[in-house]
Amino acid sequence: MKIVIVGGVAGGATAAARLRRLDEQAEIIVFERSGYISYANCGLPYYIGDVITDPGDLTLQSPASFFERFRVDMRVHHEVTAIYPKEKFVTVKNLETGEEFEESYDKLILSPGAKPTQPTLPGIGIEKLFTLRTVEDTLRIKEYIRKNAPKSAVLAGGGFIGLELAENLRELGMDVTILQRPKQLMSPFDSDMASFIHSEARAHGIKLALGYTVEGFEENGDGVDVLIKDREPFHADMVVLAIGVTPDTKLAKDAGLELGIKGSIVVNDRMETSAPDIYAAGDAVQVKHYVTGDDALISLAGPANKQGRIIADNIMGGDSRYAGSQGSSVIKLFDMTAACTGINETNARKAGLDVDTIILSPMSHAGYYPGGNLMTMKIVYEKETYRLLGAQIIGYKGVDKRIDVIATAIHAGMSVIELKDLDLAYAPPYSSAKDPVNMAGFIADNISKGILKQWHIEDLDKLPRDGSVTLLDSRTEEEYAYSHIEGFINIPVDDLREHLDEIDKNKPVYIYCQSGLRSYISSRILESFGYETYNMAGGYRYYDAVINDRRLTEAATACGMDKPE
């Protein structure tokens with residue numbers, strides 16, 4: 001059997017290696033138009049920032065090492081220019097010699113990946129405007145920095161690559177601004193959780209210009225002007241476009257394959273395209289979202305590797321199926337870790353789901369053991385069924401561990417309540433006896449039993465201020481004096497029993513504390529005496545982070561206060 005693979009990075013290289021492990025006799029040819037195969041896309045910003053110092057560390061395999069291990073004919077600088085599904089051959093151009101030739105196949109695997117999204121704007125293509133997707137892109141940026149020692153950079157886009165690159169350029173001492181039309185970074189996160197990411201970026205000197213529309217680019221002296229709608233241009237020594245990626249599917253389109261979202265390749269759960277004997281994997285394919293079942297584009301290395309393996313199994317007579325992508329991802333931003341899985345609240349509501357959320361701020365490990373840090377967790381679940389839909393966690397230690405546990409729970413079809421039953425490893429340096437994941441389950445269990453009723457930050461403006469409800473801050477007098485939500489009276493939880501006569505039993509009581517724990521205890525005290533209570537999800541710490549970020553973002557949008565000098 002002869003198998004031709006277009007693209008030699010995550011999906012293509014994985015498929016090639018798996019094919020060889022399953023069949024020593026198969027003829028396997030991989031065409032990769034770049035000069036590199038099996039490289040670590042996610043490591044590229046860290047080479048620019050000198051965290052990774054050897055460029056060789058970016059490539060997991062070379063054509064020579066791949067051939068030595070797997071006997072796969074890996075041809076770099078070869079671009080497949082056309083596919084002929086009926087005749088079962090492709091045309092190929094050797095980019096080094098210009099030679100063009102045909103290559104037949106029994107089975108064809110498409111793993112062309114995605115290309116940086118480049119809008120049709122004036123100035124696209126100027127020398128100091130970069131994208132970051134391939135090793136060649138990385139080397140180009142690295143060489144520019146080495147030769148020109150730029151002092152400032154504007155990054156258009158605040159997704160994973162944009163944020164990682166912002167950190168690394170900042171660590172090199174550059175003045176860095178992230179500029180984009182959406183008013184939050186990191187769209188997989190809800191805007192409230194993105195507040196914590198914004199705060200960390202600002203704390204390390206990254207300027208955020210959110211809600212700004214880029215209209216073009218112009219060379220200006222030794223730098224670049226980024227043209228902004230209805231505003232003065234931003235000027236920087238270099239600009240990087242990081243506004244996302246687009247499936248690279250011209251080959252598939254020209255060959256008449258069925259296409260889906262943003263021109264992505266439509267495949268079934270066996271990763272088969274609409275054409276016989278042609279498979280596709282990676283960032284170029286449309287998948288099913290594991291949680292919603294809707295069509296989706298999810299560009300991550302993990303899914304691409306799994307899809308490549310599934311294709312190899314099926315080509316060799318197996319029946320492997322792709323269950324869908326869940327979007328589990330994690331990012332480092334200076335000292336902070338932010339991770340998510342499943343769907344966020346925003347997208348759940350857009351999908352028509354009736355959802356609620358749990359927000360908690362547990363310690364990363366036992367409070368009595370030194371070095372613990374707070375993390376903020378947001379759990380999204382379906383109201384009636386308590387089906388676990390997604391989670392977002394932001395903190396400094398133990399974030400990746402908890403998101404992986406919840407990702408596994410979602411895949412297993414568990415309810416949010418069942419998180420309380422998970423038997424998770426505990427030792428003081430690593431966790432608490434009640435792990436944060438268990439705590440989320442305990443909260444859900446209380447909600448399901450009516451022991452806990454919540455109110456959310458979005459409800460604040462709707463709370464009556466006419467005296468028909470009681471608004472209660474259950475923190476200490478010192479905390480209240482330092483800062484509080486206007487209109488709330490202060491009765492510390494430990495003093496509450498002695499002040500019950502000051503609270504009207506005929507009025508609902510809306511309570512908050514710093515994290516939600518003391519207000520929950522206040523709620524239970526009051527409920528035992530016949531009061532109707534509602535506890536604020538997330539507490540004042542969460543409220544303060546979200547409201548402060550909204551104010552900063554709105555101020556920056558209004559007057560450009562985050563704009564670099």
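Counting from 1, the numbers follow the sequence of the chain as shown.
- K420 forms no cation-pi arrangement with F442, by the criterion of a distance under 6.0 Å to the ring centre and an angle within 45° of the ring axis.
- The pair E167-K332 meets the salt-bridge criterion, since a charged nitrogen lies less than 4.0 angstrom from a carboxylate oxygen.
- Residues N373 and S364 have side chains that never bring a donor and an acceptor to within less than 3.5 angstrom of each other.
- Of the N and O atoms on the side chains of R497 and S522, not one donor lies less than 3.5 Å from an acceptor on the other residue.
- Of the N and O atoms on the side chains of Y512 and Q514, not one donor lies less than 3.5 Å from an acceptor on the other residue.
- With ring centers used as reference points, Y290 lies under 6.0 Å from H411.
- Between F234 and Y212, the two ring planes are perpendicular [angle over 60°; tilted spans 30° to 60°].
- Side-chain N/O atoms of R518 and S474 include no donor and acceptor closer than 3.5 Å.
- Inspection of the T533 and S523 side chains reveals an N or O donor paired with an N or O acceptor under 3.5 Å.
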I'd like to know whether I394 forms a side-chain contact (heavy atoms from CB on, under 4.5 Å) with M336, so could you lay out the CA-CA distance, the side-chain angles of the two residues, the decisive distance to 0.1 Å, and finally the verdict. CA-CA 7 Å; I394 297 177; M336 175 180 279; 3.4 Å; yes
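- Aromatic pair Y369/Y430: centroids not less than 6.0 angstrom apart.
- For the pair R475 and Y540, the cation-pi criterion (under 6.0 Å, within 45° of the ring axis) is fulfilled.
- Between F334 and H204, the angle of the ring planes stays under 30°, which puts this pair in the parallel group of the 30/60° scheme.
- The distance between the ring centers of H484 and Y480 falls below 6.0 angstrom.
- For the residue pair D190 and Q392, a side-chain donor N or O sits within less than 3.5 Å of a side-chain acceptor on the partner.
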